[in-house]
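Notes follow once the structure below has been shown.
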Amino acid sequence: MIDLEDLIQRAIDPASVKLEGTLTNPPSFGVYVIDTDDGTHYRFGSHPVRLQELEDKFGGAELEYLFLSREDAAAMTAALNRPEAD
């Protein structure tokens, strides 16, 4: 089972990376929240390129978490998109 608190602790401050061209140094991976007609969804990808793609496609997106590990971003996205237990 994924420990959300552990993942949250691994998230980094966006100010800790430097924009170089279209990517960051060191490379970083964002978890983004988007609101659609069928609810709130989360996506991830290379920051900030993926943010721009989501803004273009959905008209808006917001950075929720930033990670140095693609695997951490993917795990957080999967956990956030998981339906809540009743």
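If you read the sequence from its start, that first residue is 1, and numbering goes on from there.
- For the side chain to side chain donor-acceptor pair (under 3.5 Å) test, no residue two or more places apart in sequence or in another chain qualifies with N81.
- The side chain to side chain donor-acceptor pair (under 3.5 Å) test applied to T77 returns no partner, not counting sequence neighbours.
- Linking Ile, Leu, Val, Met, Phe, Trp and Tyr whenever their side-chain heavy atoms come within less than 4.5 Å puts V33 and I8 in one cluster.
- The OH atom of Y32 sits 7.0 Å away from the CG atom of L66 when rounded to the nearest 0.5 Å.
- Between P48 and T22, the closest heavy-atom pair is CD-O, 3.3 Å.
- Rounding to the nearest 0.5 Å places CE of M76 at 4.5 Å from CG of L7.
- Residues meeting the side-chain contact (heavy atoms from CB on, under 4.5 Å) test with L23, sequence neighbours left out: S46, V49.
- Atoms CG and CG, from L80 and L4 in turn, are 6.5 Å apart once rounded to the nearest 0.5 Å.
- Of the inter-residue distances, the one linking S69 atom OG with I12 atom CD1 reads 10.5 Å to the nearest 0.5 angstrom.
- Of all heavy-atom pairs spanning L63 and P14, the tightest one is CD2-CG, 3.8 Å.
- There is no path of hydrophobic side-chain contacts, each under 4.5 Å, that joins L51 to F44.
- Remark: D38 engages T36, H41 in a side chain to side chain donor-acceptor pair (under 3.5 Å) (not counting sequence neighbours).
- Of the inter-residue distances, the one linking S16 atom OG with L68 atom CG reads 6.5 Å to the nearest 0.5 angstrom.
- Taking CD from E20 and CG from N25, the interatomic distance works out to 4.0 Å, rounded to the nearest 0.5 Å.
- With sequence neighbours excluded, no residue forms a side chain to side chain donor-acceptor pair (under 3.5 Å) with R43.
- Heavy atoms of other residues, nucleotides or ligands lying less than 6.0 angstrom from CZ of R10 number more than 12.
- Counting only residues at least two apart or on different chains, the side chain to side chain donor-acceptor pair (under 3.5 Å) pairs with a member in residues 56-67 are Q52-D56.
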Trace of the side chain to side chain contact (heavy atoms under 4.5 Å, CB included) decision for V31 with F67: CA-CA 8 Å; V31 175; F67 296 95; 3.8 Å; yes

